[in-house]
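Each chain gets a letter, A, B and so on, in the order the sequences are listed, and its residues count up from 1. From a predicted model like this one, the values you see are computed outputs, not experimental measurements. Only this structure's heavy atoms are used, side chains among them; waters, hydrogens and symmetry mates stay out.
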Number of protein chains: 2
Amino acid sequence: MIGGVGVVTIVDVAKHAGVAPSTVSYVLTGKRPVSAETRLRVRESIRLLGYHPHAGARALASSRTNVLALVLPLREGVHLPVVMRFVTSVVTAAREHDMDVLLVTADQGAAGLRRVAVGARVDGFLVMDVGLDDERIPVLRELGRPAVLLGYPAAVKGLTCVDLDFGAAGARCVDHLAELGHRSIGFLGAPGVVYARNTGFAQRTLAGFSAAVMRRGIASTALPVEQRRDAVHAVVATLLRELPRMTALVVHNEAVLGWVVDCLRAAGRRVPDDVAVVAICPDELAEQLRLTSVELPSEVLGRRAVELLMAKLNGQQPPPLTLLPPNLSSRTGFAASAAG
Amino acid sequence: MIGGVGVVTIVDVAKHAGVAPSTVSYVLTGKRPVSAETRLRVRESIRLLGYHPHAGARALASSRTNVLALVLPLREGVHLPVVMRFVTSVVTAAREHDMDVLLVTADQGAAGLRRVAVGARVDGFLVMDVGLDDERIPVLRELGRPAVLLGYPAAVKGLTCVDLDFGAAGARCVDHLAELGHRSIGFLGAPGVVYARNTGFAQRTLAGFSAAVMRRGIASTALPVEQRRDAVHAVVATLLRELPRMTALVVHNEAVLGWVVDCLRAAGRRVPDDVAVVAICPDELAEQLRLTSVELPSEVLGRRAVELLMAKLNGQQPPPLTLLPPNLSSRTGFAASAAG
DNA sequence: CGCCAAAATCGAAGCGCTTCGAACATCGAT
DNA sequence: ATCGATGTTCGAAGCGCTTCGATTTTGGCG
């Protein structure tokens, strides 16, 4: 407490505890053994003086920043609440590994990645919403920094990717409905633009769905859905026309899910009595609408991604692709109330 | 290009350009004049060698990190898309000032602030969702780091706060409706818990609304709304009972806005013909539902907050409270106006 | 009682940058 | 030619931490 609020350095702590600065460092990092007695004394001095290591100095000396970059997508068609939930789970998980999170928005693009990496601002990258032919992947490869991708491109060799197994999710919905006896199942997906830009997860879900209905000889029609109420109305009408005996519907588009149900009811179909709806969406939303669903596990994904990244930072080599198995929750309870 | 991908330091650049390291530094920071000729040569060397200053070293030497902390709320009742939109505008604005953004979630609480500040990880704070008696404020005061708050407590002296003028927003809705001839106006607000925890903006909107209806001698009833469909249904029914001649409704709860409209229609009231609905919500949502609204200007707020923080970092002393005036957009569509 | 390996601690050399006083060059005015 | 004044550039001293070889301490054992 020499200069008032001024910075307490490791030297101050060392003096106060009667040891060398290096010993304090070893107490802090645990990189060399320190006798129990000394460790206790140093800890006490740290507490007493209110010492906090200077992040910049540490980064300079150890070339480790304890910060990871979270690269966010900001394109249209991504569901903001899902992103947000994901972000918070990443921050929480990162803190458990004593890491902070630096936000990089994807509109800064590849240049943003390069800036952050070369400036030694972060130890590694978490890249969200990776498309099938993502421009950021070559940059990431070139930078050679540890990175974990959410979503995955065609060739995952040399990468570390994690995602929900959307193909299995699509199939899981069909299996569930088939077991309930449905023989004619519709599919409503993401907006057309999402399919057009090769986003991977949308295609994979559809592919899983299609393969499953084909395998079981189930009649089906699949359509993309735009995020406008009138568009939803139109597409539901189309579906009911094209697939008149439809008794079940798989929806992979959380933004319009509520409207889809509304439109079905408006068209005189009871949900789930006449049309069983299975959604692929965050649990919370499905819970609210009382729909059977395959969960979009943002929290688990975020946490898993952080853990994979930490593994890489510690020199391990996790598998190039981790797919989380889909988890279907049946919610056949009573139908939703209210408007109709 | 001596050691492959290795780090290019300021010394390498200096050698390559035939100057002293300090000169390179001055070219970079502009803190001392450098002759045009030298400046050009140094810039060229920087480009050629692909030099990027080491953030940690810079922070250590200059005690400036060029990082600001964004402290996010993660409580229930906050509308995630709004937060997300806000986050992205902050990141974008920050980048324009050559700043990066470190995420701190509020659940790390006051301790999180302290850790980040004392470790010299950030230059300043952006604190979201500040309540009337926020526990983080004393910590912020104690830390003495530049900070900008979104939302504001009772006493703003010595702080820098920015927010939408919610009181004016509530009043603006009433004024608009009164001018259209409405004499009986309902108000649906945030969930009860939001009022209970003194969040400020909810109270202020209600206060502005109440004062305006009183001033004009307009009949009114105000109710909180929970985020469940059945709760919305119930509260709309209550409202229609308590205020049978209601011809207009102000809704300050983006999460249930759609349901409110649904419930009104289900109750046989045309919107906006029988009941004119004015929302206080993000423009995008109002646009989608074709409702007249006062915008929740996340983008503008985020940008403004960053600018205020930058001003503080540059030694200026912005006013303790900046209130953005509400902006009402009329969306009467093709339907004729109600009332009258 | 002395010797050696193991355990604990120390000391000094950086990490890459900024900063500040000093040195140097240039030039118009003496 | 000489002298400031002005405009540029240099050199060295840190910033606070980690790291690694060296040194001291400890304790088991001949």
Quiz prompt | salt_bridge(B:R115, A:D98) N-O dist < 4.0 Å | solution = no

Self-check item: Cationic N near anionic O, under 4.0 Å, B:R41 to B:E44
Solution: no

Quiz item: A:V7 side chain: which of C:dG16, C:dT9, D:dG16 is closest?
Solution: D:dG16

Quiz item: Under 4.0 Å between a side-chain N or O of A:T29 and OP1 or OP2 of D:dT18?
Solution: no

Quiz item: Would you say B:S35 reaches D:dT9's phosphate, i.e. side-chain N/O to OP1/OP2 under 4.0 Å?
Solution: yes

Quiz item: Taking only side-chain nitrogens and oxygens of A:T38, does any of them come within less than 4.0 Å of OP1 or OP2 of C:dA8?
Solution: no

Exercise. Mark yes or no for whether B:D123, through its side chain, and B:L68, through its backbone, hold a donor-acceptor pair below 3.5 Å.
Key: no

Quiz prompt | Among C:dC10, C:dC17, C:dG14, the one nearest B:Y51 by side-chain distance | solution = C:dC17

Practice problem: Write down the atom of A:L113, the atom of A:R136, and the distance for their closest heavy-atom approach. | Solution: CD1-CB, 3.9 Å

Self-check item: B:E307 with B:R304: basic N within carboxylate O range, under 4.0 Å
Solution: no

Quiz item: Base, sugar-phosphate alone, or nothing: which one does B:S22 contact when heavy atoms must sit under 4.0 Å apart?
Solution: base

Exercise. Take atom CZ of B:R39 and atom C1' of D:dT9, then tell me their distance rounded to the nearest Å.
Key: 14 Å

Exercise. Could you tell me whether the phosphate oxygens of C:dT18, OP1 or OP2, come under 4.0 Å of any side-chain nitrogen or oxygen in B:K31?
Key: no

Self-check item: Selection from D:dC10, D:dA22, C:dC17 that lies nearest to any side-chain heavy atom of B:V19
Solution: D:dC10

Quiz item: Which atoms form the tightest heavy-atom contact between A:H16 and A:L49, and what is the distance?
Solution: CB-CD1, 3.9 Å

Practice problem: Examine D:dT18: is either OP1 or OP2 under 4.0 Å from a nitrogen or oxygen in the side chain of A:S62? Give yes or no. | Solution: no

Practice problem: Could you check B:A20 against B:A57 and say which one's nearest nucleotide on DNA chain D is further toward the 5' end? | Solution: B:A20

Quiz prompt | Distance in angstrom units between B:R58 CZ and C:dT19 C1', rounded | solution = 13 Å

Quiz item: A:I10 has an atom CD1; how far is it from atom P of C:dC10, in whole Å?
Solution: 12 Å

Practice problem: In whole angstrom, give the distance that lies between atom NZ of A:K15 and atom P of C:dG11. | Solution: 13 Å

Self-check item: Spacing of A:R41 atom CZ relative to C:dA8 atom C1', expressed in whole Å
Solution: 12 Å

Exercise. Report the residue (B:S25 or A:G18) whose heavy-atom-nearest nucleotide on DNA chain C is the more 5′ of the two.
Key: A:G18

Quiz item: If you check every side-chain atom of B:R32, which of D:dT8, D:dC20, D:dC10 has the closest atom?
Solution: D:dC10

Quiz item: Of all the nucleotides listed (C:dC17, C:dT9, D:dC15), which has the minimum atom distance to the side chain of A:T23?
Solution: C:dT9

Quiz item: Could you give the CG-to-P distance, from A:N66 to D:dG16, as a whole number of Å?
Solution: 19 Å

Quiz item: Separation of B:E37 atom CD from C:dA25 atom P, in whole Å?
Solution: 15 Å

Practice problem: Could you check how far OH of A:Y26 sits from P of C:dG11, rounded to whole Å? | Solution: 13 Å

Practice problem: Using a heavy-atom cut-off of under 4.0 Å over every strand shown, decide if B:G119 touches base, sugar-phosphate, or nothing. | Solution: nothing

Quiz item: Looking at C:dC15, D:dC17, C:dT9, which one has an atom nearest to any side-chain atom of A:L60?
Solution: C:dC15

